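Written out below as structure tokens is the structure these notes cover.
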Amino acid sequence: MNKTWRTYRSMLIVFLIAAFLGATVYFFWVRTGEKQVIVHQMAKFGEVVPASERIIQDRATIRPFAHAVRFARKHPGAVNISDPPFRFTLGNRQYYLWVGEQNEKGTLMKLPDTHTVYTIGKPGTRRLTDILLREYGE
């Protein structure tokens, strides 16, 4: 009986660890609570290109924007950066977005704080670039 109890206890511990890891992966990587992302092309800081609004409601397309915000790396200090090509709204927050060539990292800026930038990893930048190309063309 004692050996059986240890086996069940070990299996229960493994199950609980797997459930915890699964919930963590779901919470941080899969789950997106937002129902839409609104994207605008920008002429310059604070000036939207007329008729450039895109409302995206597909969860698979929203997810890369949410991941970019959630996992971007902060770079504090004063920044000198070119005008943003895009602005997007996710939930009640707005962000400026710069995406470059295929193998470059993207950058975002959380509004209204225009003195701090955040870098987006290369895979996230590629996903965002693909979405923006699909929405706006070249």
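If you're wondering where the values come from, they're calculated on a predicted model, not measured in any experiment.
Considering CG of L132 and CZ of R54, their distance stands at 10.0 Å, rounded to 0.5 Å. Here OG1 of T107 is found 9.0 Å from CD of E104. Values are rounded to the nearest 0.5 Å. Separation of atoms CZ (R73) and CG (L108) is listed at 13.5 Å; rounding is to 0.5 Å. Here H40 contributes atom NE2 and E53 contributes atom CD; the two are 4.0 Å apart, rounded to the nearest 0.5 Å. The distance from the CD1 atom of I55 to the CD atom of E135 is 11.0 Å, given to the nearest 0.5 Å. Residue I120 holds its CD1 atom at 10.5 Å from CZ of R127, rounded to the nearest 0.5 Å.
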- Item | Stepwise side chain to side chain contact (heavy atoms under 4.5 Å, CB included) check, I81 with T114 | CA-CA 10 Å; I81 194 163; T114 57; over 6 Å; no
- Task: Just do the side chain to side chain contact (heavy atoms under 4.5 Å, CB included) check on M109 and F45 with the steps written out, would you?
- Result: CA-CA 11 Å; M109 187 180 283; F45 276 98; 4.3 Å; yes
- Message: Apply side chain to side chain donor-acceptor pair (under 3.5 Å) to residues T116 and H75 and explain how you reach the verdict.
- Response: CA-CA 6 Å; T116 306; H75 295 278; over 6 Å; no
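By the 4.5 Å heavy-atom criterion applied to side chains, R59 and E34 are not counted as neighbours.
Note on I38: it does not cluster hydrophobically with V48, by side-chain heavy-atom contacts below 4.5 Å among ILVMFWY residues. At a threshold of 4.5 Å between side-chain heavy atoms, the hydrophobic network of Ile, Leu, Val, Met, Phe, Trp and Tyr places Y118 and V69 in one connected group.
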N/O donor-acceptor pairs under 3.5 Å from side chains in residues 88-99, not counting sequence neighbours:
| from | atom 1 | to | atom 2 | distance (Å) |
| --- | --- | --- | --- | --- |
| Y96 | OH | G46 | N | 3.0 |
| W98 | NE1 | S82 | O | 3.1 |
| W98 | NE1 | D83 | O | 3.3 |

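Contacts classified as salt bridge (Lys or Arg N to Asp or Glu O under 4.0 Å) and involving residues 40-50 (residues at least two apart or in different chains) are given here: K44-E47.
Legend: residues meeting side-chain hydrogen bond (donor to acceptor under 3.5 Å, both in side chains) with Q57, ordered by chain and number and at least two apart, are Q36.
Taking all atoms of both residues into account, the shortest heavy-atom contact from G106 to T125 is N-OG1, 2.7 Å.
Put simply, the side chain of Y136 gets close to the backbone of S52: a donor and an acceptor are under 3.5 Å apart.
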